[in-house]
Each structure stands twice: as structure tokens, then as C-alpha cells.
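Here's the structure, in C-alpha cells; my notes come after.
Please read these numbers as outputs of a predicted model, since none were measured by experiment.
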Amino acid sequence: MHLGSAFRITSLAGTAAAVVVALTVYLSDSAVSGIGDAETGPRGLTRTEPRISVNLNGGQARAGRPVRVTVTEGTLRRVTVTDSKGAKLRGTLSAKGTSWTSARNAAPGTSYTVVAQGSGHGTATAHFTTAAPRRVNKLTMTPGDRATVGIAQPLSIVFDHPVRDKAEVEEHLRLTTSNNTVGSWGWMRDRSGRDRVDWRPMRYWSAGTKVTLRAELNGIDSGPAGGWFVRDYTTAFTVGSSQVVKVDLDDHRLTLLRDGIDVGHVPVSGGTPGGEKASWRGRMVLLAKEGTIRMRSSTVGLGDAYDRTVHYSMRLTWSGMYAHAAPWNRPYFGRANRSSGCVGMSDADARWLYGHVRVGDPFEVRGRDTKGTQAPNNGFGVWNLSWSAWRARSALS
């Protein structure tokens with residue numbers, strides 16, 4: 001029998017050692033309140049079952065809010081809220097045991113079963129389904145899961161669709177480290193035009209740090225243009241050895257430091273001063289080791305200045321600055337800056353550097369005749385902001 005707000009009581013009377021009372025509330029799509037009753041047990045004890053109500057009900061319940069279960073008679077001992085895949089929402093009972101609230105929001109397009117156990121051990125059950133999302137937001141995280149990276153690598157998240165309530169999203173990005181590293185999230189617009197948030201430490205990571213992110217976004221609404229998040233995300237990475245590449249374009253010299261010790265240096269030639277061919281300066285992060293690639297000046301706004309196959313290519317910005325082998329520029333290594341913006345060196349020196357650096361290593365470039373520092377979203381230019389300026393980009397600051 002299925003009743004909109006009726007109830008059924010099954011009582012098994014027996015000896016004082018065995019009395020079981022079960023109360024199940026059957027709910028229609030338009031009702032989610034349970035009605036309890038009382039039973040006189042052995043020795044005349046009266047046991048009151050929970051009378052519950054749930055704030056979400058029906059087949060088109062609104063997602064994005066916690067599930068709240070309350071009783072009008074008796075108290076609650078335990079509440080479980082389970083979705084159709086068997087996952088449970090964590091929650092807490094109020095101090096007086098009269099209500100229970102989930103720690104997470106109800107997700108869109110999901111069916112839930114609520115089972116409330118009262119002080120008399122009877123139970124009340126309710127069901128509801130949240131409305132399906134009209135639009136779903138997803139994200140991409142860098143670095144990849146289980147990667148080992150350099151000491152300057154931020155954790156970066158790019159969203160498929162706009163994020164209106166950045167504070168709400170940021171609150172649900174749980175980043176932990178093995179050594180309690182101090183850091184902050186900072187929002188920006190990615191070069192792709194999408195919303196992006198990065199987490200960087202106050203200073204470079206310590207070697208060996210283990211980093212874990214739990215993005216508990218399932219059930220969070222990113223706004224009308226962005227849609228709902230319908231899953232959680234996790235990733236973890238490890239920081240490798242402490243390496244810094246220092247590039248002095250005034251002295252035309254590149255030095256690799258490992259744990260503060262000079263392990264090698266090579267002569268280089270940077271970008272030609274006085275225009276768009278000049279190099280960027282500041283602290284950059286090695287984005288990728290791309291190996292052998294074709295470089296065309298037309299892709300970076302320099303017309304038909306060059307079209308070359310380049311070896312040992314190490315990308316520093318999305319706008320096209322690399323460190324790489326440049327044998328055609330040999331007369332200028334260690335003497336002058338005459339490239340189209342990249343840091344060039346001999347084949348042998350590029351091979352040596354390529355074999356030692358890893359993604360996430362910082363390249364610290366200095367020089368008088370450069371064109372300024374890269375923007376935070378041009379690769380990982382986040383290190384060119386002061387700590388206070390970076391923290392101000394947090395939606396929770």
C-alpha cells in the first residue's frame with residue numbers, strides 16, 4: 001500500500017528479551033514528512049518513534065542546498081542519506097538531537113533515500129530526487145595526478161564555463177600539504193578566455209613536499225552561465241629536487257642551481273632589445289619539455305621572421321618564449337642578445353639543460369633590455385606578483 005502521508009506500524013510483541021518495533025513512513029512524490037507513533041512495550045514502557053520532515057521533497061527538488069531532517073516529537077539517534085549509487089552524505093546531529101544537517105549539498109539529478117532512527121530505535125524513511133542540471137561545469141587541473149614537479153609549479157584549475165560565485169567554489173577546494181605549506185588561491189582569466197584559479201605557495205615549495213587537492217564541488221552551482229558541478233575531483237603530486245635556472249641576459253649566461261649549488265653554466269643569447277623580439281624577464285615556470293618542434297614567427301605575431309625546426313625546446317610562456325638549441329645564433333652566445341625572444345644556446349648545452357630540468361622548475365630571468373614581466377596567465381607568471389598582491393586575488397581575501 002502506498003500512501004501520501006500515511007504510515008504503517010508493525011509490532012512484534014514477545015518476551016522482555018525480544019521486542020522489535022519498526023516504523024516505516026511511505027511518501028509520495030509530493031510529501032517527505034514521516035509520522036511517528038508510540039508503543040507500549042514490556043513493563044509498561046512507552047517508546048515514541050520519530051516524526052520527521054525533510055526540507056527537500058518530490059521528484060524535482062532543488063539541488064545545491066544541504067539536506068535537513070527534523071523531528072517534532074522524540075529525538076534522533078542516527079540519520080543516513082544515501083544516493084542511488086550508494087554514496088552517503090556526511091552530516092551532524094544538533095546538540096538536542098532534534099535535527100540533522102548534511103555537510104554537503106544535495107547534487108542535481110540525483111535520487112536520495114533518507115533513513116532516520118529515533119530514540120526508540122524505530123525508523124522513518126523518505127525519498128526525494130533533485131532536478132537534473134540544465135548545464136554542467138567541468139574543470140581541468142595541472143599538474144596531472146601523481147606527477148613529480150619542480151619547486152615553482154602552481155596547482156592550476158581551468159573551468160569549462162564561467163564561475164560566478166568564486167568564493168563558494170574556492171571554499172570547496174581543499175588543498176593540503178605534507179608540511180603545512182603557506183599559500184593562497186588566486187583567480188584570473190586564462191589565456192583561453194576561461195575562468196582559472198591557481199594555488200601557489202608564499203615561497204617556492206620545499207623539495208619533497210606532497211600536495212593533495214580534494215575539490216568537493218558536487219552540488220555546487222557555478223551560476224546561470226556556468227551550470228552545476230556534478231562530481232568531486234582529486235589530484236596529488238610531489239615536489240622534486242630543488243632546482244633553479246638563472247638567466248642573466250646582461251651577462252649572456254645561464255646557470256643551473258641544485259640545492260643552491262652551481263652544477264653548470266652555459267653561454268646564451270636572449271631576445272633582441274628594443275621591440276617585440278625582446279625577452280620577458282622575471283620568474284617563469286617551465287611549462288613543458290616539448291623536444292623537437294616547428295617554430296613559426298607568424299604564430300606569435302612576428303610576421304615571416306622565421307620558420308625553423310628547433311631541438312630541445314623548453315616552453316616558458318604560452319606566448320612563445322622558450323629556452324632551446326639555436327645553433328644558427330652561435331656568434332652571439334655569451335656576447336649579445338639577438339634572438340626573436342627565446343633564450344638560445346648551442347645544441348650540446350641545450351641537450352645538457354634539457355636532460356636536467358623538470359616541468360615546474362623556475363627560470364629566473366634578469367636583464368635591462370627586456371620587455372617587462374609576463375602576465376600571471378601567460379603560462380605561470382604568478383611568481384611575478386608580490387605575496388600581498390597574490391593573496392588579494394583570492395575570492396576569500
Side-chain angles (χ1 to χ4, degrees), residues 140 142-143 149-158 186-194 196-200 204 243-249 254 256 268-303 305-308 310-326 329 337-345 350 353-354 357-386 389-390 393:
T140 303
T142 303
V149 298
I151 60 174
Q153 176 70 55
L155 194 152
S156 184
I157 301 175
V158 178
W187 290 84
M188 68 194 78
R189 185 64 60 87
D190 188 62
R191 283 176 65 87
S192 65
R194 296 179 291 174
R196 168 179 152 189
V197 63
D198 289 3
W199 197 97
R200 56 152 274 206
Y204 291 151
Q243 294 192 141
V244 179
V245 179
K246 291 187 175 289
V247 182
D248 190 328
L249 295 181
L254 179 150
L256 175 62
V268 298
S269 178
T272 303
E276 285 302 309
K277 287 188 176 183
S279 297
W280 294 108
R281 69 173 179 271
R283 293 194 287 177
M284 308 175 194
V285 179
L286 180 57
L287 298 172
K289 296 168 68 174
E290 297 182 4
T292 299
I293 62 174
R294 181 184 177 187
M295 289 188 180
R296 292 175 293 170
S297 54
S298 59
T299 64
V300 293
L302 294 177
Y306 58 86
D307 185 346
R308 296 180 182 274
V310 180
H311 303 292
Y312 306 110
S313 299
M314 294 160 272
R315 182 184 280 274
L316 302 177
T317 72
W318 294 129
S319 62
M321 185 171 170
Y322 287 78
H324 61 74
N329 222 18
N337 295 318
R338 291 293 183 270
S339 80
S340 294
C342 296
V343 177
M345 63 204 82
L353 183 64
Y354 193 90
V357 295
R358 64 162 44 95
V359 170
D361 283 348
F363 277 61
E364 298 181 349
V365 182
R366 65 179 296 271
R368 292 184 301 272
D369 297 322
T370 54
K371 59 183 178 182
T373 58
Q374 70 190 103
N377 67 350
N378 186 8
F380 297 124
V382 299
W383 294 103
N384 296 312
L385 297 177
S386 68
W390 177 252
R393 287 174 171 256

Next on the checklist: Determine whether a donor-acceptor pair (N or O, by modelled atom type, separation under 3.5 Å) exists between the side chain of Lys289 and the backbone of Val357.
Outcome noted: yes
Next on the checklist: Please give me the minimum heavy-atom distance between Ala278 and Asp369, naming the atom from each residue.
Outcome noted: CB-O, 4.0 Å
Item to check | Within-4.5 Å side-chain heavy-atom neighbours: Val359 and Pro143 | outcome: no
Item to check | NZ/Lys246: more than 12 non-hydrogen atoms of other groups inside 6.0 Å | outcome: no
Checklist outcome for this item: Smallest heavy-atom separation, Val285 atom then Gly360 atom, equals CG1-CA, 3.6 Å
Checklist entry - Between Tyr354 and Met314, is there a donor-acceptor pair closer than 3.5 Å when you use the side chain of the first and the backbone of the second? => result no
Item to check | Between OG1 on residue Thr317 and CZ on residue Phe363, distance to nearest 0.5 Å | outcome: 12.0 Å
Checklist entry - Quick one: does Arg200's side chain have a donor or acceptor within less than 3.5 Å of a partner on Val382's backbone? => result yes
Item to check | Residues in ring pair (Phe, Tyr, Trp, His ring centres under 6.0 Å) contact with Trp383, at least two apart in sequence or another chain | outcome: Tyr204
Next on the checklist: How close do Trp318 and Gly379 get, counting heavy atoms only, and between which atoms?
Outcome noted: CD1-N, 2.9 Å
Checklist entry - So, do Glu364 and Val244 sit near enough that their side-chain heavy atoms are less than 4.5 Å apart? => result yes
Item to check | Derivation of the side chain to side chain contact (heavy atoms under 4.5 Å, CB included) call for Lys277 and Lys371 | outcome: CA-CA 9 Å; Lys277 287 188 176 183; Lys371 59 183 178 182; over 6 Å; no
Checklist outcome for this item: Nearest heavy-atom approach of Arg358 to Leu286 is O-CD2, 3.3 Å
Checklist entry - Can you find a pair of side-chain heavy atoms, one from Ser279 and one from Met321, that are under 4.5 Å apart? => result yes
Item to check | Nearest non-hydrogen partners of Asn378 and Trp280, listed with the distance | outcome: ND2-NE1, 4.0 Å
Checklist entry - Do the charged groups of Asp307 and Arg296 touch, with an N to O distance under 4.0 Å? => result no
Checklist entry - Could you go step by step and tell me if Thr142 and Phe380 meet the side chain to side chain contact (heavy atoms under 4.5 Å, CB included) rule? => result CA-CA 11 Å; Thr142 303; Phe380 297 124; 4.2 Å; yes
Next on the checklist: Using side chain to side chain donor-acceptor pair (under 3.5 Å), reason through Ser269 and Asn337 one step at a time and then give a plain yes or no.
Outcome noted: CA-CA 5 Å; Ser269 178; Asn337 295 318; 4.6 Å; no
Checklist entry - Quick one: does Arg308's side chain have a donor or acceptor within less than 3.5 Å of a partner on Val310's backbone? => result no
Checklist entry - Can you find a heavy atom in the side chain of Pro273 that is under 4.5 Å from one in the side chain of Arg368? => result no
Checklist entry - To the nearest 0.5 Å, how far apart are CG in Leu353 and NE2 in His324? => result 12.0 Å
Checklist entry - Counting N and O atoms only, with roles assigned by atom type, does the side chain of Thr373 sit under 3.5 Å from a partner on the main chain of Asn384, one being a donor and the other an acceptor? => result no
Checklist entry - Got a second to check how far Arg281's CZ is from Thr370's OG1, nearest 0.5 Å? => result 4.0 Å
Item to check | Verdict with reasoning, Asp198 to Ser156, per side chain to side chain donor-acceptor pair (under 3.5 Å) | outcome: CA-CA 4 Å; Asp198 289 3; Ser156 184; 2.5 Å; yes
Next on the checklist: If you compare all heavy atoms of Asp361 against all heavy atoms of Gly150, which two are closest, and at what distance to 0.1 Å?
Outcome noted: OD1-CA, 3.4 Å
Checklist entry - Please walk me through it: do Gln374 and Ser319 pass side chain to side chain contact (heavy atoms under 4.5 Å, CB included)? => result CA-CA 9 Å; Gln374 70 190 103; Ser319 62; over 6 Å; no
Checklist entry - Do Arg393 and Met188 touch side chain to side chain, with heavy atoms closer than 4.5 Å? => result yes
Checklist outcome for this item: Paired with Val365, the side-chain contact (heavy atoms from CB on, under 4.5 Å) test is passed by just one of Leu254, Leu249, Val245, namely Leu249
Checklist entry - Would you call Thr272 and Ser339 a side-chain contact if the rule is heavy atoms closer than 4.5 Å? => result no
Item to check | Audit row: Arg196, Asn377, side chain to side chain contact (heavy atoms under 4.5 Å, CB included) steps and yes/no | outcome: CA-CA 9 Å; Arg196 168 179 152 189; Asn377 67 350; 3.9 Å; yes
Checklist entry - Is it the case that more than 12 heavy atoms not belonging to Glu276 sit under 6.0 Å from its CD atom? => result no
Checklist entry - Got a second to check how far Tyr306's OH is from Arg294's CZ, nearest 0.5 Å? => result 12.0 Å
Item to check | Test item: Tyr312 and Ile293 side chains (from C-beta on) under 4.5 Å apart, heavy atoms | outcome: no
